[in-house]
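Right, one structure below, let's go through it.
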Amino acid sequence: MTKEQPVRLAVFASGSGSNFEAIVRAFQTDQINAEVALLVCDRPDAFVLKRAETLGVPSVAFRPKSFDSKEAYEQEVLDHLLGASIDLVVLAGYMRIVGNTLLKAYPNKLMNIHPSLLPRYPGKQGIVDAFEDGATQTGVTVHIVDEGIDTGPILAQETVAIEPDDTIESLERKIHAVEHELFPKVIQTYIKKLQKEHA
Ligand code: GRF
């Protein structure tokens, strides 16, 4: 990464990809010396791949189970990241625990979004767990990825109220709306910090 060259971002996603799309659109419209250069997907039938095609973002899709080991899968992903000169990786609905191969290659350069106020409600069902727990508030967390599940230094959090008339669906909609605003902003702030460090 140099001061002049755009920071190259890879997004990892497994599903619908509404956050991926929000990130790409924000990067297309905002004044930032960075670009979404690659989508990495671990489910070849995921809708996010269609979004990437529409948005003109290169993508690669894998079937992790077809590899001999997690290390072999991650090494293949890493080869693509290095081949595309990726500086920073963000996980946007990537339903897989990142292993050492990728963590070591991108120390402090792997970021995740989670739909709860961590450390409350980590894991795959953050929205449902908060709702079923009867919580009156939950939210969104963006954090640096470490070897744990939804642990790692927190970069930003935003609270979302759970009203008595909320359903899981209405809560999901509110959380996603917050995610789509917050995540691109936090990524961009982090990129500016990295650019300053390399200036
Ligand atoms: C988001 O709620 C994100 O916080 C969680 O997975 C969901 C992905 O949604 N990790 P989408 O695929 O971006 O629409």
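Both ligands and their constituent atoms are indexed starting at 1 by order of listing.
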Atoms in ligand 1 flagged as close to S16, the criterion being non-hydrogen separation under 4.0 Å:
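Listed by number with element, the hits are 12 (O), 14 (O).
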Element-labelled atoms of ligand 1 that are located less than 4.0 Å from some non-hydrogen atom of H176
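Counting from 1, the qualifying ligand atoms are 1 (C), 2 (O), 9 (O).
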What residue and atom, counting heavy atoms only, is the protein's closest point to [atom], and at what distance?
| atom | answer |
| --- | --- |
| atom 4 (O) of ligand 1 | E179 OE2, 2.4 Å |
| atom 10 (N) of ligand 1 | I113 O, 3.3 Å |
| atom 6 (O) of ligand 1 | G93 CA, 3.4 Å |
| atom 12 (O) of ligand 1 | G17 N, 2.8 Å |
| atom 14 (O) of ligand 1 | S18 OG, 2.5 Å |

I'd like to know if [X] pairs up with [Y] as an ion pair, taking the criterion as any Lys NZ or Arg NE/NH1/NH2 lying under 4.0 Å from an Asp or Glu carboxylate oxygen.
| X | Y | answer |
| --- | --- | --- |
| D133 | R120 | yes |
| K193 | E197 | yes |
| D42 | R63 | no |

Contact with ligand 1 for M95, non-hydrogen, under 4.0 angstrom:
no
Evaluate the criterion side-chain contact (heavy atoms from CB on, under 4.5 Å) for residue pair E76 and F67; output intermediate values, then yes/no.
CA-CA 9 Å; E76 177 75 18; F67 290 82; 3.7 Å; yes
So is there a nitrogen or oxygen of G15 less than 3.5 Å from a nitrogen or oxygen in ligand 1?
no
Can you confirm, on distance only, whether ligand 1 has an N/O atom lying under 3.5 Å from any N/O atom belonging to N19?
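Min N/O separation from ligand 1 is below 3.5 Å for N19.
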Answer yes or no for R25 and F20: cation-pi contact, defined as NZ/CZ to six-membered ring centre under 6.0 Å and angle to ring axis within 45°.
no
Given S16, which partner from the list H176, K50, R51 fulfils the side-chain hydrogen bond (donor to acceptor under 3.5 Å, both in side chains) test?
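In the set H176, K50, R51, the residue that makes a side-chain hydrogen bond (donor to acceptor under 3.5 Å, both in side chains) with S16 is R51.
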Side chains of L103 and V145: closer than 4.5 Å at any heavy-atom pair?
yes
